[in-house]
Asks: 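Encoded as structure tokens, here's the structure I'll be asking about.
A, B, ... follow the sequence lines: proteins, then strands. Residue 1 opens every chain. Hydrogens, waters and symmetry mates are skipped; everything else that's a heavy atom, side chains included, is used.
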Amino acid sequence: MSRPFYITTAIDYANGAPHLGHAYEKVLADVLARHHRMLGDDVYFLTGLDEHGQKVQQTAQKRQIEPQVLVDEVAAVFQQMLGLLNISNDDYIRTTEPRHKVVVQAFLQKLFDKGLIFKATKSGWYSVRQEQFLSDKDRDAEGNWPSIYGEVTQTTEENYYFKLSQFQPWLIEHLKDNPDFINPAHRRKQVLEFLKEPMNDLCISRPKARLTWGIELPFDREFVTYVWFDALTNYYSAVVDKGRWPADMHVIGKDILSPPHAVYWPCMLKALDIAPPKQLLVHGWWTLNGSKASKSDGNATDSLSFAQKFGTDAFRYYLCREMVVGEDADFSSPNFAQRYKADLGHNLGNLVNRLLNMVGRNYAGTVPAPGADEELEQNLRKLWTETERKFFAHFAEAQISHALEALWVFVSAMNAYIEARAPWKLAKSAETADRARLDSCLAHVAEGLRLTATVLTPVMPKTCEQLLINIGLPVATSFASVHAWSTVCTGAKVAEKCILFPPLEEPEAPAKA
RNA sequence: GGUAGCGUAGCUCAGUUGGUUAGAGCGAGGGACUCAUAAGCCCUAGGUCGGCAGUUCAAUUCUGCCCGUUACCA
């Protein structure tokens with residue numbers, strides 16, 4: 001009876017190309033999904049695409065194609081990215097799918113019937129070019145409308161509104177009663193601050209005169225629903241027939257925490273008598289070489305080429321190691337190269353080769369059973385106990401960078417252990433005791449690498465698979481075997497050599513794997 | 001303008017429920033070794049812990065103000 005774990009990413013907006021921010025969120029969610037699978041949980045991992053709205057309609061018009069043709073194209077590009085990043089999602093929802101529209105309309109109808117959706121007239125300043133109402137905060141310092149808005153006129157428009165404000169007291173209580181609802185904690189404080197001010201009701205429609213590319217309101221076919229009732233509902237519509245709700249974790253960026261995910265979504269669900277999601281995991285933004293990543297910035301998409309150039313797993317490792325979940329982080333080529341070389345190539349990759357070579361040379365490629373058990377061995381095993389505890393504790397908080405940091409302390413310790421044992425000297429000794437120490441040395445490093453590769457599998461699936469195969473072991477599918485030091489490596493046939501992370505300095509860096 | 005956070009070694013950051021010599025990783029310098037992807041190991045950082053003032057026997061750690069910076073809100 002495994003525990004269910006339903007995890008989602010935000011759905012990407014189908015206007016524009018995927019960039020680093022899109023990639024990171026998928027990798028983060030994927031690593032957590034894979035981790036939970038190996039914990040034995042019954043994981044369902046959803047990601048998808050938000051395909052309606054003004055921008056999509058406009059882009060399609062400009063290109064003189066049907067919006068559906070456009071979003072089909074975009075969906076293919078985003079799904080290609082998922083493949084490149086080796087994302088293990090169980091489902092991919094697109095908001096133009098019938099299964100989604102049906103749920104959105106059912107939601108709207110139910111709220112309408114309950115009297116929680118009403119029609120109202122709003123008048124104000126309207127930008128024809130941007131097709132949106134403006135408020136005074138949009139004015140520039142001189143009090144004029146910035147030129148990006150084009151012609152601005154006074155307009156009156158009827159729309160439908162959701163009685164959001166009615167749920168404000170409930171939401172505040174919910175946040176106070178559920179300190180884990182928003183991770184990291186300091187984001188929760190921001191939302192509570194936001195909720196000190198009275199909320200407005202939420203406009204949820206657009207007249208078809210302005211926007212046709214959307215889901216029709218079931219109770220008024222002259223309108224389509226706008227943004228949040230369409231987009232947020234994907235989390236529910238994807239699993240409505242699978243018994244997966246509520247979601248255990250929505251992985252989102254800090255830009256859409258408040259108000260959409262922390263306010264609108266729980267209130268919408270409350271209004272529908274549906275349980276809220278268990279947790280919002282909020283990550284920060286990537287900067288590129290110290291400057292903000294913009295969607296239109298060419299660099300932003302180029303960073304994805306790192307995955308192709310240096311390997312998907314190295315890219316995944318870098319993203320996970322470099323960003324403290326919740327904080328911003330900077331992506332730069334020198335920084336990437338440093339992590340690749342030091343952490344992956346030298347510390348881990350080279351260690352694998354040290355083992356393979358010594359087992360090959362001294363034991364004809366078969367891992368020996370441990371012999372001597374002295375302080376060095378005991379300390380290494382003790383360190384694993386400590387490392388394993390920290391690693392899983394950090395993962396439980398979704399603090400992957402800290403988990404990796406702790407794991408690399410152990411990897412370093414294996415290198416230091418080899419130095420202390422000096423197996424190259426032991427191999428030259430005729431003493432029985434030295435032979436027993438040599439046995440232990442290689443047996444311990446093999447086991448240490450098995451443990452490392454197992455817990456690291458969610459971050460670098462392919463590489464860890466390779467690593468385990470090279471030391472003669474099966475692929476890891478569960479964490480059950482990492483809670484205690486074992487001797488399962490004894491007798492394993494290791495490969496001769498294994499370059500998991502080729503040096504970057506090579507003049508002819510291989511463009512393809 | 002309001003709210004919250006941050007400001008610690010060249011860089012990225014940890015930490016101190018106030019108390020003898022403030023830590024890690026990376027970079028940089030030096031050393032011993034050689035199984036390995038010239039990788040790994042060992043040693044080396046004397047940094048007013050943003051500024052000013054206060055509380056205290058004692059503050060980098062508490063309080064206030066200021067400066068810088070970031071986020072959210074307006």
Side-chain angles (χ1 to χ4, degrees), chain A residues 135-139 141 182 184-200 253-263 282-285 287 289-292 314 318 321-324 326-332 334-363 376 390 394 399 401-402 404-409 411-428 437-438 441-442 445-446 449 467 470 494-506 509:
Chain A
S135 65
D136 285 333
K137 69 176 178 181
D138 294 314
R139 294 179 190 267
I182 299 174
H186 70 269
R187 298 281 173 203
R188 173 167 159 270
K189 285 173 67 181
Q190 286 179 355
V191 175
L192 282 168
E193 281 299 318
F194 172 80
L195 289 172
K196 282 182 180 169
E197 299 295 317
M199 302 190 291
N200 294 320
K254 63 181 184 179
D255 52 321
I256 52 173
L257 170 65
S258 179
H261 285 79
V263 179
V282 185
H283 66 253
W285 286 359
T287 57
N289 302 313
S291 64
K292 279 193 181 176
Y318 177 78
R321 178 64 185 82
E322 201 60 27
M323 179 171 269
V324 175
E327 305 300 314
D328 290 351
D330 187 55
F331 189 107
S332 77
N335 190 226
F336 184 95
Q338 183 184 301
R339 286 262 174 236
Y340 181 92
K341 192 167 82 165
D343 293 4
L344 298 180
H346 296 171
N347 234 322
L348 179 60
N350 181 50
L351 175 63
V352 175
N353 264 346
R354 297 178 88 177
L355 174 73
L356 299 192
N357 183 68
M358 290 189 285
V359 172
R361 180 179 303 201
N362 298 301
Y363 296 90
L376 289 172
K390 286 184 187 168
H394 283 131
Q399 285 301 341
S401 64
H402 294 141
L404 292 174
E405 202 176 349
L407 184 59
W408 250 257
V409 170
V411 173
S412 264
M414 282 194 277
N415 276 309
Y417 166 72
I418 293 177
E419 297 296 328
R421 265 289 170 239
W424 48 92
K425 285 183 187 160
L426 296 175
K428 290 172 189 160
R437 292 191 183 105
L438 182 60
C441 178
L442 301 187
V445 172
L449 280 172
L467 200 169
N470 274 280
V494 307
E496 277 186 20
K497 193 175 176 74
C498 155
I499 300 293
L500 295 173
F501 307 100
L504 300 179
E505 281 81 8
E506 296 301 331

Asks: Of all the nucleotides listed (B:C73, B:C35, B:C41), which has the minimum atom distance to the side chain of A:Ala416?
Replies: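 Ranking B:C73, B:C35, B:C41 by closest atom to the A:Ala416 side chain puts B:C41 first.
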
Asks: How close or far is atom P of B:A36 from atom CG of A:Leu348, stated in whole angstroms?
Replies: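 That distance rounds to 18 Å.
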
Asks: Would you say A:His394's side chain and A:Gln399's backbone share a donor-acceptor pair under 3.5 angstrom?
Replies: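 Pair absent, no side-chain N/O of A:His394 close to backbone of A:Gln399.
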
Asks: Using a cut-off of under 3.5 Å, enumerate the N/O to N/O pairs linking the protein to nucleotides 23-30 of chain B.
Replies:
{"residue": "B:C26", "atom": "O2'", "partner": "A:Gln338", "partner atom": "OE1", "Å": "2.9"}
{"residue": "B:C26", "atom": "O2'", "partner": "A:Gln338", "partner atom": "NE2", "Å": "2.4"}

Asks: How would you label the contact of A:Asn353 with the nucleic acid (heavy atoms, under 4.0 Å): base, sugar-phosphate, or nothing?
Replies: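 Contact class for A:Asn353: base.
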
Asks: Can you sort out the partners of A:Glu496 under salt bridge (Lys or Arg N to Asp or Glu O under 4.0 Å), two or more places apart, ordered by chain and number?
Replies: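 Expected list: none.
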
Asks: With rounding to the closest Å, how many angstrom separate the C1' atoms on B:G18 and B:U56?
Replies: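 Each nucleotide's C1' atom is 9 Å from the other's.
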
Asks: Find the distance A:Arg421:CZ to B:U34:P and express it as a whole number of Å.
Replies: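 Going from CZ in A:Arg421 over to P in B:U34 covers 17 Å.
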
Asks: Do we see a donor-acceptor contact under 3.5 Å between the side chains of A:Asn335 and A:Tyr318?
Replies: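 Indeed, the side chains of A:Asn335 and A:Tyr318 share at least one donor-acceptor pair under 3.5 Å.
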
Asks: What integer distance in Å separates A:Tyr363:OH from B:C35:P?
Replies: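 So the OH-P distance, A:Tyr363 to B:C35, works out to 15 Å.
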
Asks: Round to a whole Å and report the spacing from CE of A:Met414 to C1' of B:G40.
Replies: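 Taking atom C1' of B:G40 as the reference, CE of A:Met414 is at 13 Å.
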
Asks: What's the gap between B:G15 and B:G54 when it is taken at their P atoms, as a whole Å value?
Replies: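 Taking atom P in both B:G15 and B:G54, they lie 30 Å apart.
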
Asks: In a check of side chain to side chain contact (heavy atoms under 4.5 Å, CB included) between A:Val494 and each of A:Leu356, A:Leu442, A:Asn357, which one passes?
Replies: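 The residue from A:Leu356, A:Leu442, A:Asn357 that satisfies side chain to side chain contact (heavy atoms under 4.5 Å, CB included) with A:Val494 turns out to be A:Leu356.
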
Asks: Considering only the C1' atoms, how many Å lie between B:A24 and B:C62, rounded to the nearest integer?
Replies: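 Each nucleotide's C1' atom is 27 Å from the other's.
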
Asks: Using a 3.5 Å limit on both distances, find every run of at least three consecutive Watson-Crick or G-U pairs that involves RNA chain B.
Replies: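 For RNA chain B the paired stretches long enough to count as stems (3 pairs minimum) are B:1-7 with B:67-73, B:10-13 with B:23-26, B:28-31 with B:41-44, B:50-54 with B:62-66.
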
Asks: Find which nucleotide of RNA chain B each of A:Leu355 and A:Ser412 is nearest to by heavy atoms, and output the residue with the more 5' nucleotide.
Replies: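 This one resolves to A:Leu355.
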
Asks: Should A:Arg321 and A:Arg339 count as side-chain neighbours, where that means a heavy-atom distance under 4.5 Å?
Replies: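 Contact flag for A:Arg321/A:Arg339 side chains = yes.
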
Asks: Whole-Å distance between B:C41 P and A:His346 NE2?
Replies: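 Spelled out: NE2 on A:His346 to P on B:C41 is 11 Å.
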
Asks: I'd like to check A:Asn415 versus A:Arg354 (side-chain heavy atoms, cut-off strictly below 4.5 Å). Are they in contact?
Replies: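 Yes - at least one pair of side-chain heavy atoms lies under 4.5 Å apart.
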
Asks: So, is A:Asn350 near the phosphate of B:G40, with a side-chain N or O under 4.0 Å from OP1 or OP2?
Replies: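 Checking B:G40 against A:Asn350, no side-chain N or O comes under 4.0 Å of OP1 or OP2.
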
Asks: Just the rounded figure in Å: distance from P of B:A39 to CG of A:Leu500.
Replies: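 Going from A:Leu500 (CG) to B:A39 (P), I get 17 Å.
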
Asks: B:G5 P sits how many Å from A:Leu257 CG, rounded?
Replies: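 Computing the A:Leu257:CG to B:G5:P distance gives 17 Å.
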
Asks: Rounding to an integer number of angstrom, what distance separates B:A58 and B:C41 when you compare their P atoms?
Replies: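 Looking at atom P only, B:A58 and B:C41 are 45 Å apart.
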
Asks: Here's a test of your reading of the structure: between A:Glu419 and A:Gly349, which maps to the more 5' nucleotide of RNA chain B?
Replies: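 It is A:Gly349 whose nearest nucleotide is closer to the 5' end.
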
Asks: Distance-only, no hydrogens or angles: does the A:Asn353 side chain make a donor-acceptor pair with backbone N or O of A:Cys498 under 3.5 Å?
Replies: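 Yes, A:Asn353 side chain to A:Cys498 backbone: donor-acceptor pair under 3.5 Å.
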
Asks: Would you kindly give the CH2-to-C1' distance between A:Trp424 and B:A39, to the nearest whole Å?
Replies: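 From A:Trp424 CH2 to B:A39 C1': 12 Å.
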
Asks: Under a 4.5 Å cut-off applied to non-hydrogen side-chain atoms, are A:Tyr340 and A:Pro503 in contact?
Replies: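 Result no, sub-4.5 Å side-chain heavy-atom pair not found.
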
Asks: For atom C1', what is the distance between B:G23 and B:C67, given to the nearest Å?
Replies: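 Those two atoms are separated by 28 Å.
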
Asks: Mind checking the P distance from B:G46 to B:C11? Whole angstroms is fine.
Replies: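 Taking atom P in both B:G46 and B:C11, they lie 15 Å apart.
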
